[in-house]
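Read the structure below first, then the notes.
Just so we're on the same page: letters track the sequence lines, and every chain starts at 1.
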There are 2 protein chains.
Amino acid sequence: MTFSDVDNEAAVLLKKANQRYTEGRRRLVAALQAGKGPLTIADIVAADDTLPQSSIYRNLVILEEANVVARVVTSDDFARYEIAEHLTHHHHHLICKACGDVIDFALDAQTEATLDQALHQAAHDAGFTAESHQLDLLGTCGDCRSES
Amino acid sequence: MTFSDVDNEAAVLLKKANQRYTEGRRRLVAALQAGKGPLTIADIVAADDTLPQSSIYRNLVILEEANVVARVVTSDDFARYEIAEHLTHHHHHLICKACGDVIDFALDAQTEATLDQALHQAAHDAGFTAESHQLDLLGTCGDCRSES
DNA sequence: CTCAGTGCAAAGGATTTGCATGCCG
DNA sequence: CGGCATGCAAATCCTTTGCACTGAG
């Protein structure tokens with residue numbers, strides 16, 4: 001999906017949710033698309049300082065409800081957000097334990113398929129209805145390793 | 001590992017970290033062992049109301065540093081803790097999007113091995129040093145499904 | 001005895017919300 | 001025009017911390 005595809009799709013999803021796609025929300029989506037991985041609120045403010053913090057929080061909630069963005073939880077104290085997977089592509093996160101940075105990566109299709117099937121099986125066995133999975137890899141990024 | 005194995009191991013790990021294994025810390029470890037999955041601070045207080053909140057927070061930090069417990073991050077606003085995997089066994093989490101409850105589950109060894117290898121490969125390709133992975137399944141638990 | 005651990009209450013910090021104003025439809 | 005979106009500032013709520021007290025070694 002290209003930048004404007006996401007933009008268009010966001011407009012459709014928001015309309016479906018009876019929400020407007022305002023300038024501020026467009027800028028927010030643009031900022032998230034520009035990142036290499038999920039961004040914190042601070043990252044977003046840094047990327048576009050015309051956006052006040054409270055509006056970012058408020059609009060992220062709206063965009064999340066409309067399935068345009070997704071909240072990503074990592075181990076540091078800041079919530080992170082990214083464009084929803086169905087507007088981009090299924091992927092996972094490399095989380096650096098040293099600097100807290102998060103980078104996207106993907107598994108090969110074969111492994112992903114095997115995993116997905118095993119997960120559905122396991123969920124079923126536990127009387128659980130699986131919707132999606134989140135797989136994070138914890139480690140040290142190249143930058144932090146060379147610094148240590 | 002049995003209950004007392006974990007207890008003994010916790011004592012060793014704390015000693016190694018120059019920390020005492022006090023009554024409060026024992027009760028904390030016991031409460032975590034009793035849970036079916038990672039517990040929130042509120043869960044712990046509910047399980048053992050002799051433990052004051054502030055001591056729970058403080059001791060969880062100590063126990064985490066000593067590698068006795070691990071912090072588990074989910075999508076709700078509460079931190080959760082569990083006994084460290086090396087004292088129990090490698091497992092994953094089923095997270096209910098409706099009630100926020102978290103339940104442990106495991107993948108079969110074969111799938112886990114495949115996954116682990118694919119992850120190391122992917123991490124390596126990204127110049128990342130992988131240490132561990134965290135895989136969560138998001139969905140709806142049996143209880144919540146029957147209620148809706 | 002001495003110092004780490006404890007418990008209460010007060011502080012901290014990310015996130016949320018009330019309210020007056022501005023702008024979209 | 002009417003209502004949703006915005007922005008500021010104040011409020012919330014999980015979590016952390018200061019301080020005086022207790023207990024382990």
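Residue A:Gln53 has no polar side-chain atom (N or O) positioned under 4.0 Å from OP1 or OP2 of C:dA14. A:Asn59 has no side-chain polar atom (N or O) that falls below the 4.0 Å cut-off from OP1 or OP2 of D:dA5. Between B:Thr22 and C:dT6 there is a side-chain N or O to OP1 or OP2 distance below 4.0 Å. Neither OP1 nor OP2 of C:dT16 sits under 4.0 Å from any side-chain N or O of A:Tyr57.
When the nearest nucleotides of DNA chain C are assigned to B:Arg20 and B:Ser55 by heavy-atom distance, the more 5′-ward of the two goes with B:Arg20. Residue B:Ser54 is the one, among B:Ser54 and B:Asp77, whose nearest nucleotide of DNA chain C lies closer to the 5' end (criterion: closest heavy atom).
Rounded to whole Å, the distance from CD1 on B:Ile41 to C1' on D:dC13 is 13 Å. One can place CG of A:Asp48 at 15 Å from C1' of D:dG7, the figure rounded to the nearest angstrom. Rounded to a whole Å, the CG atom of B:Leu14 is 15 Å from the C1' atom of D:dA24. The CZ-P distance, from A:Arg25 to C:dC23, rounds to 16 Å in whole Å. B:Leu60 places its CG atom 16 Å from the C1' atom of D:dT17, with the value rounded to the nearest Å. Separating the CD atom of A:Glu23 from the P atom of C:dC23 is a distance of 13 Å, rounded to the nearest angstrom. Nucleotide C:dT6 holds its C1' atom 14 Å from the CG atom of B:Leu63, rounded to whole Å. The distance between atom CD1 of A:Ile62 and atom P of D:dG3, rounded to the nearest whole Å, is 18 Å.
Using modelled atom types, one side-chain atom of B:Arg25 and one backbone atom of B:Arg20 make a donor-acceptor pair closer than 3.5 Å. In this structure, B:His90 contributes its side chain and B:Glu112 its backbone to no donor-acceptor pair below 3.5 Å.
A salt bridge links A:Asp7 with A:Arg26: at least one charged nitrogen is closer than 4.0 Å to a carboxylate oxygen.
If you check every strand for non-hydrogen atoms under 4.0 Å, B:Arg58 touches a base.
The closest side-chain heavy-atom distance from A:Leu13 to A:Leu87 is below 4.5 Å.
The CD atom of B:Glu9 sits 7.0 Å away from the NE2 atom of B:His86 when rounded to the nearest 0.5 Å.
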